[in-house]
Undergrad: 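Handing you this structure, nothing more for now.
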Amino acid sequence: EEWKERGAAVGVRQEVDANGQIVNRPMKKGVKDFNFGRTLGEGSYSTVLAATDRQTMREYAIKVLDKKHIIKEKKVKYVNIEKDTLNRLTDHPGIVRLYYTFQDERSLYFVLDLASGGELLGVLKQYTTFDEECTRFYSAEILDAVDYMHRQGVIHRDLKPENVLLDSHMHVKITDFGTAKILDPPKNEGIGIAAGDPMDGANTDRAMSFVGTAEYVSPELLTEKNACKASDLWAFGCIIYQLLAGRPPFKASNEYQTFQKIVALDYVFPDGFPESARDLVERLLVLDPAQRLPMEHIKNHQFFAGVTWGKGLWKLKAPRLK
Ligand code: ADE
């Protein structure tokens, strides 16, 4: 209905034309170009399947969305947000890349990077907790990817260990941009409003009803119904805490009680929580988003001492989990 194919990625096939010249023929991919395999995940509006491109034998994850269901449940907007944000975030190893989109009568298809290591949450549960070295590595990769998305004018709004996938070499790939917010116009970071300022994009989100996953929701979303770049950094603080403690900082038997804990900043550190990680988390889990540690200060925090930000991080061998 409202779904439009705009600027969809196309493959290129080299063919020899009638004059013996090699020509690049743009080639729209479709369902027939893939062999579909195992189910990787199931959401309320979608199923993710492993698939192989029959021409190249490259493996992908294909997210299949049921059009009727999306229209009936009024989720067309969110599907378009996911496509638009992914199309803005094509140049970072830490974000699941969108290669092609297409559709048939029944479904929409997003052809994505395959993250064969699964969710960070699953790996964490397998090991119960991460040590300081593993926490530093995984959280540094998450932060590097979040910094890139923020620079591209995208707020994720639902960062959590389920949305952090791992590739075959255990490098991070952030997914699920269906509830992201695109800030417009793309901002000039250096002047005017400081990075991480709560007014970043505050103008675009008046009628917002979306609330992310309870345990990672920022206090400003609960009290002001407004998310900003700093809201992702609150969730990032929750993730660092969870990797080291084995559970998120704010957890109760129901959502309402979880929200009450969040707005009261009601959490404690378990014994043995590393000192520099504690200091960083305390500077991220700050109720006022304007007082939260901004991106560049996080990168320079002693917890991340020795981390080389940018390309180097993604060339490292992932530390062995213990
Ligand atoms: N589950 C959801 N998205 C996925 C992806 N891109 N790769 C692997 N598993 C997934």
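All ligand and atom numbering here is 1-based and tracks the order in the structure.
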Undergrad: Quick one: which residue pairs count as a salt bridge (Lys or Arg N to Asp or Glu O under 4.0 Å) with a foot in residues 236-257, not counting sequence neighbours?
TA: Glu215-Lys251
Undergrad: Taking only Lys NZ, Arg NE, NH1 and NH2, and the carboxylate oxygens of Asp or Glu, determine whether Glu296 and Arg151 approach each other closer than 4.0 Å.
TA: yes
Undergrad: Using distance alone, with no hydrogens and no angle criterion, decide if Ser253 and Gln257 have a side-chain donor and acceptor under 3.5 Å apart.
TA: yes
Undergrad: Under a 3.5 Å threshold, yes or no: a donor from one side chain and an acceptor from the other, between Thr213 and Asp158?
TA: yes
Undergrad: Salt bridge or not between Arg97 and Asp113? Use side-chain N to carboxylate O under 4.0 Å.
TA: no
Undergrad: List the steps, then state whether ring pair (Phe, Tyr, Trp, His ring centres under 6.0 Å) holds for Tyr241 with Phe269.
TA: CA-CA 8 Å; Tyr241 178 106; Phe269 291 97; 5.7 Å; yes
Undergrad: Can you list every pair where an N/O of ligand 1 is under 3.5 Å from an N/O on the protein?
TA:
{"from": "ligand 1", "atom 1": "6 (N)", "to": "Asp113", "atom 2": "O", "distance (Å)": "2.9"}
{"from": "ligand 1", "atom 1": "7 (N)", "to": "Ala115", "atom 2": "N", "distance (Å)": "2.9"}

